Number of protein chains: 2
Amino acid sequence: MANKPPAAHDHRRCIDKALAAAEQICYKNSVKLTPVRKQVFTIILQSHRATGAYTILEALAKALPAGASKPAPPTVYRALAFLQSNRLIHRLASINAYIACCRPARNHESYFLICQHCHNATEIPGENISAAIARQAGMEGFKVRREHVEVLGVCTNCTAKEPG
Amino acid sequence: MANKPPAAHDHRRCIDKALAAAEQICYKNSVKLTPVRKQVFTIILQSHRATGAYTILEALAKALPAGASKPAPPTVYRALAFLQSNRLIHRLASINAYIACCRPARNHESYFLICQHCHNATEIPGENISAAIARQAGMEGFKVRREHVEVLGVCTNCTAKEPG
DNA sequence: CCGTAAATGTTATGTTATATCATTCTAGTA
DNA sequence: TACTAGAATGATATAACATAACATTTACGG
Ligand SMILES: [Zn+2]
Ligand SMILES: [Zn+2]
Ligand SMILES: [Zn+2]
Ligand SMILES: [Zn+2]
């Protein structure tokens with residue numbers, strides 16, 4: 001476990017729940033959560049920090065059965081594309097990294113608080129933000145398709161540890 | 001002029017105003033808008049679309065006095081860093097590109113509507129969006145430092161041209 | 001079993017960004 | 001004017017992120 005979650009919790013349970021949800025969603029979408037895809041998703045789930053594609057690649061190489069050939073970047077990027085298209089993960093463009101969606105059942109856009117100190121990323125409800133965006137977009141006659149909100153700053157834990 | 005601005009306007013004047021403002025801001029900040037930096041800024045100003053670093057690099061190579069040695073990536077990236085730190089441009093992380101700020105005198109975060117069709121990017125007022133973000137961040141005890149809001153969709157012009 | 005489509009493997013390359021050190025320019029100062 | 005320290009730029013190499021293209025394997029209905 002290479003991270004410190006935003007609040008103490010049973011992370012094993014966290015992972016299991018996410019995997020179960022993913023299985024359901026893939027079944028509903030009539031797509032297959034193949035071993036590679038599941039493995040990549042599991043790697044992403046290990047932490048509440050966003051993970052870079054090449055970090056995932058390394059982890060995948062270690063996770064594969066001994067003797068298996070080393071995976072190449074397309075393997076990871078294809079799995080990421082699959083997971084994104086099924087709304088199981090988000091991409092954080094400002095830091096080129098990928099993170100599990102905390103509410104994959106509901107279609108929604110991407111709203112994150114990213115701690116510059118510990119790099120934990122917290123997915124937040126986007127209703128109010130989205131409404132504010134819709135208002136501005138409406139004034140410009142702009143049709144909204146995707147929303148990416150990435151807020152950088154310092155999380156509670158890190159503020160507590162480093163006052164001032 | 002390699003672009004179609006969101007609304008018809010005298011783009012030459014647009015550029016001149018932005019350059020004059022930049023001179024002022026740099027003077028106020030006690031920093032130098034050197035020829036390279038000014039040239040890079042001018043290249044970015046040519047269009048209301050965001051411009052990639054390597055596109056800027058090519059344009060810079062053509063713009064330099066004949067016989068001058070070809071610029072390398074760090075030249076562009078250093079100029080971009082300078083322009084960003086003086087709030088003259090924004091980086092659009094979702095498309096890895098750079099665009100001039102339309103209100104550089106006022107410090108503010110980054111709120112953009114990006115047309116997926118014509119690639120024009122419109123900087124919008126962020127007060128309401130920022131307020132909504134502040135509310136969510138407050139609930140998480142998160143200290144906001146930077147906000148990046150990138151909305152992808154279709155602009156008025158493109159909607160008009162391609163109904164349905 | 002066979003044929004097809006999906007998934008994965010493999011190789012190469014494209015795209016974006018930075019590290020590092022050398023050189024030149026700028027301004028203040030003696 | 002000459003010296004000097006710091007800023008800016010030049011030059012080279014490489015890191016980090018991502019995709020194109022084609023070969024091979026796998027899954028699965030007929
Ligand atoms: Zn989500
Ligand atoms: Zn933190
Ligand atoms: Zn701006
Ligand atoms: Zn458009």
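Model, not experiment: these values are computed from the prediction. Per chain, numbering begins at 1; letters A, B, ... match sequence-line order.
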### Query
Which comes earlier along DNA chain C counting from the 5' end, the contact point of A:Lys32 or that of A:Ser69, where each point is its nearest nucleotide?
A:Lys32
### Query
Where each residue is assigned the nucleotide of DNA chain C containing its nearest heavy atom, which of A:Thr34 and B:Ile95 is assigned the position nearer the 5′ end?
A:Thr34
### Task
Output the single nucleotide from C:dG9, C:dT11, C:dA17 whose closest atom is nearest the side chain of A:Arg78.
C:dG9
Can [X] and [Y] be counted as an ion pair, charged N to O under 4.0 angstrom?
X        : Y        : value
A:Glu123 : A:Arg103 : no
A:Glu127 : A:Arg106 : yes
A:Glu150 : B:Arg146 : no

### Message
Considering every strand and a 4.0 Å limit on heavy-atom distances, what is the contact class for A:Phe82: base, sugar-phosphate, or nothing?
### Response
nothing
### Task
Could you check whether B:Pro71 gets within reach of a base, just the sugar-phosphate, or nothing at all, counting any heavy atom under 4.0 Å?
nothing
### Query
Is there a donor and acceptor pair closer than 3.5 Å between the side chain of B:Tyr54 and the base of C:dA17?
yes
### Query
Once you round to the nearest 0.5 Å, how far does OH of B:Tyr98 lie from CD1 of B:Ile44?
9.0 Å
What integer distance in Å separates [X]:[atom1] from [N]:[atom2]?
X       : N      : atom1 : atom2 : result
B:Leu57 : C:dT15 : CG    : C1'   : 12 Å
A:Tyr77 : C:dT15 : OH    : C1'   : 11 Å
A:Leu83 : C:dT8  : CG    : C1'   : 15 Å
A:Gln39 : C:dG9  : CD    : P     : 12 Å

### Query
Closer than 4.0 Å, any side-chain N/O of A:Thr75 to the OP1 or OP2 of C:dT8?
no
### Query
Is any side-chain N or O of A:Asn96 closer than 4.0 Å to OP1 or OP2 of C:dT16?
no
#### Entry: First-last contacting nucleotides on DNA chain D - partner chain B, under 4.0 angstrom, heavy atom
D:dA8 to D:dT12
### Closest-nucleotide 5' rank along DNA chain D - winner of A:Thr55 and A:Pro74
A:Thr55
### Query
So, for A:His90 and A:His108, is the gap between ring centers shorter than 6.0 Å?
yes
### Message
If you take the centroid of each ring, where Trp contributes its six-membered ring, are B:His148 and A:His148 closer together than 6.0 Å?
### Response
no
## Note on the structure
In short, B:Cys115 meets B:Cys118 closest at the heavy-atom pair SG-N, 3.4 Å
